[in-house]
Structure formats: structure tokens, C-alpha cells
Amino acid sequence: PAGLALAPSAGVLSGAPGRVGSFGFSVPAADAQGRLVRKPFTVEIVDPTVPAVTSFSPTGGGVGSAVTVTGTSFLGATAVAFGGVLTTFTVQSATSIQATVPAAAKTGAINVTNASGTGRSAASFTVFVPPAISSFSPLSGPVGASVTVAGTAFTGATTVRFNGVAAASFTVNSASQITATVPAAA
């Protein structure tokens, strides 16, 4: 790679490589009969510094969301994890990685790993879990009727709909229960 020089007569590779990766080169040498031959070699350049995760944007998202991770020593990254769950990623530069929130991700630190170790964010990435309805009661009723909806991840709900029509009013009773009023035209 750029930054390295090979002195074939001395067999010395010197300099500071400009990037990480696997690089091939060959060294000329004379064999026992005096014939010139080229011996192939491969050098693996790794970043000797453990990655440091300094920030990420956005600070939260759902499964499949794109996240830009910022830090240092990202070249040669071999893994990225959200709350301990591995994900797909692309190294954009030594200081930037584009990653995707994986299925089964958990709220927690974002980790970046290279050959020298693993860096961990000080802040936690918040994984947004979409609400899921498990049941509601009663199963039918007139306009103005109160309906109790059971499920998960209701905290922070901003709307409740009946057949696509926003509820006349609703109350989030807990993370697992909402009480809503059937609207007109539902």
C-alpha cells in the first residue's frame, strides 16, 4: 500500500502504511543455480488501535433503521453490535461507519471491533419497539363505547385508530393497556 517501501536487496519493508488490508508483493531472489525468481508474499496491515465510539446518530430507532457511528480506528472493523447483537455495516472511513439496527437488537451500547479489540459507546442507543396488540374488549360496540386494548410497548403512544379513524380519545393506562373511545365513522 501507499506509504510502504520495499528494499529488495536488503529484504526490508519500511514506512507507514496509508491504509489497512491485505497486500501482495514479490521479492526477487536468485535460486541455487543463479536464476532470478520472484517469491510472492502477503502483508496484512491492521490498525493497532482499539476502536473508540464517540457518538452515533440518530440516538434511537427501530429495527432496520440506518445509524451513523462516529469515532476513531474504524478501518479494518470486523464487527458492529447494538446492545450485544451483531449487525451489518459499512466502513465509510477511519472515523465513520454506517450500520443497520438488527432484528432482536437491545437498547444498549454500540460496539465496534477490529483486530486490536472492541470499543464501546458511553451512551446507549435506544431501540424502539413497535406496539403490538394482543387483544381488545369488547369486540364490537357503538360510537362512544370504551374499548380496552391489551398488548405491549404502548408507552408514548400518540394515536389509536379504529378502522383507520382516530379514536375520539384515549388513555395509556400502562405499557400493556390502553382505554380508547370508539369515534364516529369507525
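Everything quoted here is computed from the prediction, not taken from an experiment. Below, all heavy atoms of this structure are taken into account, side chains as well, without hydrogens, waters or symmetry copies. Residue indices begin at 1 and follow the sequence shown.
- Under the 4.5 Å side-chain heavy-atom criterion for Ile, Leu, Val, Met, Phe, Trp and Tyr, F128 and V63 are members of distinct hydrophobic clusters.
- When all heavy atoms are compared, the tightest approach of L75 to S93 is CD2-C, 3.9 Å.
- Summarising the hydrophobic clusters (Ile, Leu, Val, Met, Phe, Trp, Tyr; side-chain heavy atoms under 4.5 Å, direct or chained), the residues clustered with V147 are I133, F136, L139, V149, F154, V160, F162, F170, V172, I178, V182.
- Across N163 and A186, no two heavy atoms sit closer than the pair CB-C, 4.2 Å.
- Annotation: D31, atom CG; neighbour count of heavy atoms from other residues, nucleotides and ligands within 6.0 Å is above 12.
- There is a path of hydrophobic side-chain contacts, each under 4.5 Å, that joins F41 to L4.
- In this structure, the side chain of T171 does not engage the main chain of N173 through any donor-acceptor pair within 3.5 Å.
- In this pair, F125 and F82 present their aromatic rings perpendicular. The plane angle is above 60°, beyond the 30 to 60° band.
- No donor-acceptor pair under 3.5 Å is formed between the side chain of S65 and the backbone N or O of V101.
- Distance check, rounded to the nearest 0.5 Å: CG of N114 to OG1 of T49 gives 8.0 Å.
- Partner of P102 under the side chain to side chain contact (heavy atoms under 4.5 Å, CB included) criterion, chosen from L86, V127, T88, V85: V85.
- The CZ atom of F56 lies 12.0 Å from the OG1 atom of T68; values are rounded to the nearest 0.5 Å.
- In this structure, V80 and I97 have side chains that are in contact, with non-hydrogen atoms separated by less than 4.5 Å.
- N111 and T118 form no side-chain donor-acceptor contact under 3.5 Å, judged by distance and modelled atom types alone.
- To the nearest 0.5 angstrom, S135 atom OG is 9.0 Å from Q177 atom CD.
- The shortest heavy-atom contact between P130 and A153 is O-CB, 3.8 Å.
- Here the side chains of F74 and V69 are in contact, with some heavy-atom distance below 4.5 Å.
- Annotation: side chain of S169 is in contact with side chain of T181 (closest heavy-atom distance under 4.5 Å).
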Verdict with reasoning, T72 to T54, per side chain to side chain contact (heavy atoms under 4.5 Å, CB included) = CA-CA 8 Å; T72 59; T54 55; 5.6 Å; no
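- Of all heavy-atom pairs spanning R120 and A109, the tightest one is CG-CB, 3.5 Å.
- Side chain of S137 to main chain of T148: no donor-acceptor pair is present (N/O by atom type, distance under 3.5 Å, no hydrogens or angles).
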